[in-house]
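Structure record follows, encoded as structure tokens.
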Amino acid sequence: MDPITLIVSALTAGATAALQETAGTAIKDAYQGLIALVKQKFSKDPKAVTALDGDAEDLDTWQKALEKSIRETGAAEDEQILLAAQNLLKLLQSQESTPKYNVEITGDVQGFVQGDHTNVTMNFDKPSPKPKKRKK
């Protein structure tokens, strides 16, 4: 991945992840660290700062402006920015591969539900009573 794409990908993915409740502190901190480094690099170019703070909802326009700013300011050659972007992407990938649930079932299970916000009704037949022994 070329440096410009790496930085833009990390910023885009980081912005998306940072808004989610499930994002961990490490991801949020890594994203804020990357933003701080990029803003520092962009500090002498008001247009670049505007591009970084731009409207991420219009993703295509935002990314093109950001790519241009990264190219023009030399941010793509900044080792700290590249390392921060790589670190953020690694954190995001590790979060995606971590299962949300880790279930281990031992013994008999008659019904099992896993997931968030589930609404399940389970009806099970009661076991038949054991026949009583007759007294002689």
With Lys47, which residues qualify under salt bridge (Lys or Arg N to Asp or Glu O under 4.0 Å), at least two apart?
none

Atom CD of Gln63 and atom CD1 of Ile70: how far apart are they, to the nearest 0.5 Å?
10.0 Å

What are the two closest heavy atoms between Ser69 and Ala48, and how far apart are they?
OG-CA, 3.3 Å

When you compare the side chain of Leu83 with that of Gln86, does any pair of heavy atoms fall below 4.5 Å?
yes

At what distance, to the nearest 0.5 angstrom, does CD of Glu67 lie from CD of Glu72?
12.0 Å

Quick one: CG on Leu91 to CD on Gln93, what's the gap to the nearest 0.5 Å?
9.5 Å

As an exercise, state the distance from CD of Gln80 to CG of Leu82, rounded to the nearest 0.5 Å.
10.5 Å

Minimum-distance pair of heavy atoms, taken over all atoms of Leu92 and Ala17:
CD2-CB, 3.4 Å

Considering residues at least two apart in sequence or located in another chain, which fulfil the side-chain contact (heavy atoms from CB on, under 4.5 Å) criterion with Asp2?
Ile4, Thr5

Acceptor/donor pairs from residues 25-43 side chains to any protein atom, 3.5 angstrom cut, sequence neighbours excluded:
residue : atom : partner : partner atom : Å
Lys39   : NZ   : Asp53   : OD1          : 3.4
Ser43   : OG   : Gln40   : O            : 2.9

What I'd like to find out is whether the side chain of Leu52 reaches to under 4.5 Å of the side chain of Leu11, using heavy atoms alone.
yes

Shortest non-hydrogen contact from Ala75 toward Ile7:
O-CD1, 3.7 Å

